[in-house]
Amino acid sequence: MPPASTPPPGAPAEIAPLRAEVLTWFAANARDLPWRAPDRTAWGVLVSEVMLQQTPVVRVLPVWTAWMARWPAPSDLAAASTADVLRAWDRLGYPRRALRLQECARAVVDRHGGAVPRAESALLELPGVGAYTAAAVVAFAHGGRSVVLDTNVRRVLARALGGVALPAPSQTAAEVRRAAAAVPAGEREAAAWAAASMELGALVCTARSPRCDACPIAARCAWRAAGYPPDAHAARRRTQAWTGTDRQARGRIMALLRDAARPVPPTGIDAVWPERDQLRRSLAGLVADGLVEELRGAAGPSGYRLPVSPAR
DNA sequence: AAATCGGGGCG
DNA sequence: CGCCCAGATTT
């Protein structure tokens, strides 16, 4: 096992100048995001990463700001009412992330004394933290070396190194190896590369209409050199259905309960969705997920509300 | 490996 | 109206 300062084996020789161009570009073009500010905390970075899982930056910004003002430390979120947490999550989507974030706060308090761990292995043990988020926290919260491979970096590497329009629908082992080989040896440089390569994907090397005229590595881009061949996986990508799905029904119910000041009776739930069987299935799913609390009366459910107390 | 899980904004 | 967004978890 080589020390962390040893360059990864198999790094192509052309990666170094490419990285240098991206890092220079980043120094002049990085967005001024609050979770990157000098006064950021490791917990604030972790919170931002969870919120940013499948949710665009512009929608996370106001929620993150209010969230961190209200619950600045893991211990604050751990002690909060889950109903308050779900309301503050608002419409970021995938509200189970909010539950896991609160569970994560408790785990940080219980296992790590309230300090976000530095070890990637410890981060991976936290609820709601997967490979990407663990690597991101290592790099962005602690300035450490990790392989940060999100949708942006995947696309940048697929184009610049792979010569294809878009990466495969799901991440491949070869992709991870290529990304690992591109990470600089030093901790500081690796963290900077993670931020810079992500930012390039977010601002220039975008999925829709890449701004190749503004790209610092256009001259080194394999996709450009190949004449911008179209996406080979295009036919196999299918958009996730939304209208009429359980997910939409769940969203309706959550929106109703977020706005309700008191428990909503079953008839109130019925009013938000036309098909009763689907509604009941969706509601049962929310209860099973811990996102909704069912109040029992003498003759069945009497009402529904967001969980008041932490479900410990 | 595939399915599930929100919601909104933009071309 | 399709597509995409700093993915994780479960099956």
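Values in this document were obtained by computation on a predicted structure and should not be read as measured data. First the proteins, then the strands, lettered A, B, ... as listed; each starts at 1.
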task = Identify the two heavy atoms, one from A:Q278 and one from A:D246, that lie closest to each other, and give their separation to 0.1 Å.
result = NE2-OD1, 2.8 Å
request  = Scan residues 84-96 of chain A against DNA chain B and write down, sorted by residue number, each residue with any heavy atom closer than 4.0 Å; if none is found, say none.
outcome  = A:R91, A:L92, A:G93, A:Y94, A:P95, A:R96
remark   = Within residues 37-72 of chain A, those residues having any heavy atom closer than 4.0 Å to DNA chain B are A:Q54, A:T55, A:P56, A:R59
request  = Identify, with sequence neighbours excluded, every residue that meets side chain to side chain donor-acceptor pair (under 3.5 Å) alongside A:R305.
outcome  = A:E293
query = Quick one: salt bridge (charged side-chain N to carboxylate O under 4.0 Å, His left out) partners of A:R40, sequence neighbours excluded?
reply = none
Contacts table for residues 216-225 of chain A: side-chain donor-acceptor under 3.5 angstrom, sequence neighbours left out:
from, atom 1, to, atom 2, distance (Å)
A:W223, NE1, A:P229, O, 2.8
A:R224, NH1, A:Y228, OH, 2.6

ask   = When you compare B:dC5 with C:dC5, how far apart are their C1' atoms, in angstrom units rounded to a whole number?
value = 14 Å
Euclidean distance for P, B:dG11 against C:dA6 (whole angstrom) = 15 Å
request  = For A:R154, check salt bridge (charged side-chain N to carboxylate O under 4.0 Å, His left out) against everything at least two apart and list the hits.
outcome  = A:E175
query = Restricting to pairs with a member in residues 189-209 of chain A, which pass salt bridge (charged side-chain N to carboxylate O under 4.0 Å, His left out), not counting sequence neighbours?
reply = A:R31-A:E199, A:R36-A:E199
query = A:Q278 CD to B:dT4 P: how many Å, rounded?
reply = 13 Å
ask   = So A:L161 and A:I15, side chain to side chain contact (heavy atoms under 4.5 Å, CB included) or not? Walk me through it.
value = CA-CA 9 Å; A:L161 302 182; A:I15 193 68; 4.1 Å; yes
message = If you take any heavy atom closer than 4.0 Å to DNA chain C, which residues from residues 204-211 of chain A end up in contact?
response = A:A207, A:R208
query = What distance, rounded to whole Å, do you find between the two C1' atoms, one in C:dC3 and one in B:dG6?
reply = 15 Å
task = May I ask you to list the residues of residues 147-157 of chain A, by number, that have any heavy atom positioned under 4.0 Å from an atom of DNA chain C?
result = A:D150, A:T151, A:N152, A:R155
Give the table of side-chain donor-acceptor pairs shorter than 3.5 Å for residues 112-127 of chain A, with sequence neighbours excluded, one pair per line with atom names and distance.
none

query = For A:G44, does its backbone N or O pair with a side-chain atom of A:W64 as donor and acceptor, under 3.5 Å?
reply = yes
request  = Using a heavy-atom cut-off of under 4.0 Å over every strand shown, decide if A:L286 touches base, sugar-phosphate, or nothing.
outcome  = nothing
remark   = chain A vs DNA chain C, heavy-atom contacts under 4.0 Å, first-to-last nucleotide span, 5' to 3', is C:dG2 to C:dT9
inquiry  = My understanding is that only residues two or more places apart in sequence, or in another chain, count here; which of them pass salt bridge (charged side-chain N to carboxylate O under 4.0 Å, His left out) with A:D76?
reply    = none
